[in-house]
Structure formats: structure tokens, C-alpha cells
Amino acid sequence: MKISIIYVSQTGNTEEAAECIQDGILAKHPFIQVKTMNIRENEVDMEFLSESETILFGTPVYFSSMSWELKRWFDHSFRIDLNGKLGAAFVTAQSPTGGVDTAIMEILRHMLVKGMLIFSGAGQNPGHKFQIGAVGVGKDIGQAAGQFEEFGECVAQTAVKLFGK
């Protein structure tokens with residue numbers, strides 16, 4: 001099974017979040033192949049992405065939405081068939097009231113248009129807080145490392161349940 005984590009990072013916070021998610025996936029599911037890919041650095045491996053059953057998208061929050069680079073990626077992703085893949089979203093922001101929910105919903109809307117299945121941790125465990133995605137707030141994303149690791153673990157658990165490889 002393969003999981004791709006595609007993200008945009010300007011200050012390094014979203015990259016750190018992506019790495020924590022990868023750690024969470026591999027901690028409980030070491031058999032899964034995981035690759036983090038920074039859009040800004042042109043690291044998107046289209047072959048690995050097309051073979052992935054699950055794709056997580058991450059971005060810093062810009063004006064209550066996703067970054068323009070991630071939006072552009074969605075707009076130009078017609079070369080890859082995302083239909084039927086499990087998708088999840090995570091964001092980083094400087095403030096909890098800066099539009100984290102609207103940024104996540106914007107990513108989810110783009111995933112739906114591409115025919116993706118949307119991850120929700122709601123109902124899996126009453127303690128999970130991942131109804132629409134994971135959020136890291138502030139300059140020190142390390143404080144949210146445990147949350148991002150748990151998010152990765154939850155998404156991977158759902159992927160294994162759905163795709164069973």
C-alpha cells in the first residue's frame with residue numbers, strides 16, 4: 001500500500017507537520033510505503049502518486065484558504081486520476097481564528113470534485129478530533145506533533161480498512 005503526502009510549506013511548519021504525519025503512519029503501519037512531496041520544491045512523484053491509494057494534502061492557511069500553489073496543483077492535476085482514492089487534509093496557521101476550517105473545507109471541495117473519498121475520523125474513536133482534518137497553530141508546530149502523528153495513524157488505519165493491502 002502507498003500513501004502520498006503532498007504539501008506546500010513556506011516557513012517549514014507544514015513540512016514539519018507532513019513529517020509527523022508520516023511518522024504516525026509508519027509507527028503503526030510499517031508495511032505502508034509513504035512519500036512526502038513538497039509542491040514548492042517540485043518534488044511530486046507522479047508515478048508514486050498514481051499508485052497511492054491515499055493522498056493527504058497540506059498547506060499553510062492564506063487568507064482563510066489554501067495556498068495558491070496547492071490550488072494550482074489541483075487545477076492542473078488532470079494528468080492523474082484521483083477518483084476513488086482516499087483523501088485527507090491538514091493545515092498550519094498562525095491563529096486558530098485565521099480560517100483553518102475554511103482552508104480545510106476548500107481542500108475537501110477540490111478532492112470531492114476529483115472524485116476522491118474523504119477521510120473523517122468522526123465515529124472511529126470518541127477521543128479523535130479529526131472530523132474534517134488536522135490543524136497546527138502557532139510558530140512551534142512541534143507542540144502539535146502528537147496530533148499530526150495521530151492523524152496520520154487514523155488516516156492509514158482507514159486506508160487499510162478500505163483497501164486492505
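Computed from heavy atoms alone, side chains included, the values below leave out hydrogens, waters and symmetry copies.
Separating the CD1 atom in Ile132 from the CE atom in Met105 is a distance of 5.5 Å, to the nearest 0.5 Å. Separation of atoms CD1 (Ile118) and CE (Met116) is listed at 6.5 Å; rounding is to 0.5 Å. Expressed to the nearest 0.5 Å, how far NE2 of His110 lies from CG of Leu82 amounts to 12.0 Å. Here the CE-CG distance, from Met111 to Leu86, works out to 8.5 Å after rounding to the nearest 0.5 Å. The distance from atom CD1 of Ile6 to atom OG1 of Thr36, rounded to the nearest 0.5 Å, is 10.5 Å. A distance of 9.5 Å separates NZ in Lys35 from CD in Glu51, rounded to the nearest 0.5 Å.
For Phe119 and Phe90, the gap between ring centers reaches or exceeds 6.0 Å.
Counting heavy atoms from C-beta on, the side chains of Val34 and Ile21 never come closer than 4.5 Å. Looking at heavy atoms from C-beta onward, Pro60 lies in side-chain contact with Thr92 at the 4.5 angstrom threshold. Inter-residue side-chain proximity for Met46 and Ile80 is flagged as met; some heavy-atom pair is nearer than 4.5 Å. A heavy-atom distance below 4.5 Å is not found between the side chains of Val8 and Trp68. With contacts defined as side-chain heavy-atom distances shorter than 4.5 Å, the pair Ile107/Leu70 qualifies. In this structure, the side chains of Ile25 and Ile5 come closer than 4.5 Å at one or more pairs of heavy atoms.
The same ILVMFWY cluster, assembled from side-chain heavy atoms under 4.5 Å apart, contains both Phe31 and Leu26. Hydrophobic cluster membership differs between Tyr62 and Val137, with clusters built from Ile, Leu, Val, Met, Phe, Trp and Tyr side chains linked at under 4.5 angstrom. Connection of Leu112 to Met66 is established within a shared hydrophobic cluster, with ILVMFWY side chains joined at heavy-atom distances below 4.5 Å, either directly or through further cluster members. No path of Ile, Leu, Val, Met, Phe, Trp and Tyr side chains, each step under 4.5 Å between heavy atoms, connects Val61 with Phe63, placing them in separate hydrophobic clusters.
Val155 and Ala88 get closest at one heavy-atom pair: CG2-CB, 3.9 Å. Contact record, Gly136 with Phe148: N-CZ, 3.3 Å, taken as the closest heavy-atom pair. The two residues Glu53 and Lys2 make their nearest non-hydrogen contact at OE1-N, 2.8 Å. The two atoms that bring Ala18 and Tyr7 nearest to each other are CB-CD2, 3.7 Å, heavy atoms only. Counting all heavy atoms, side chain and backbone alike, Gln94 lies closest to Asn13 at NE2-ND2, 3.8 Å.
In this structure a side-chain-to-backbone donor-acceptor pair under 3.5 Å is missing from Thr14 to Gly58. At least one donor-acceptor pair under 3.5 Å links the side chain of Thr102 to the backbone N or O of Gly99. Side-chain atoms of Thr158 come within 3.5 Å of backbone N or O of Cys154 as a donor-acceptor pair. Between the side chain of Ser4 and the backbone N or O of Ile55, no donor-acceptor pair lies under 3.5 Å. With hydrogens and angles disregarded, no donor-acceptor distance shorter than 3.5 Å links the side chain of Glu149 to the backbone of Gly24. At least one donor-acceptor pair under 3.5 Å links the side chain of Lys85 to the backbone N or O of Ser50. Between the Gln33 side chain and the Met1 main chain, no donor and acceptor come within less than 3.5 Å of each other.
Within 6.0 Å of the NZ atom in Lys114, the count of heavy atoms belonging to other residues, nucleotides or ligands exceeds 12.
By the 30° and 60° cut-offs, the orientation of the rings of Trp73 relative to Phe57 is tilted.
Comment: Arg72 does not engage Glu69 in a salt bridge, judged by the lack of any side-chain N to carboxylate O separation of less than 4.0 angstrom.
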Legend entry - Derivation and outcome, side-chain contact (heavy atoms from CB on, under 4.5 Å), residues Val44 and Asn38: CA-CA 7 Å; Val44 179; Asn38 186 339; over 6 Å; no

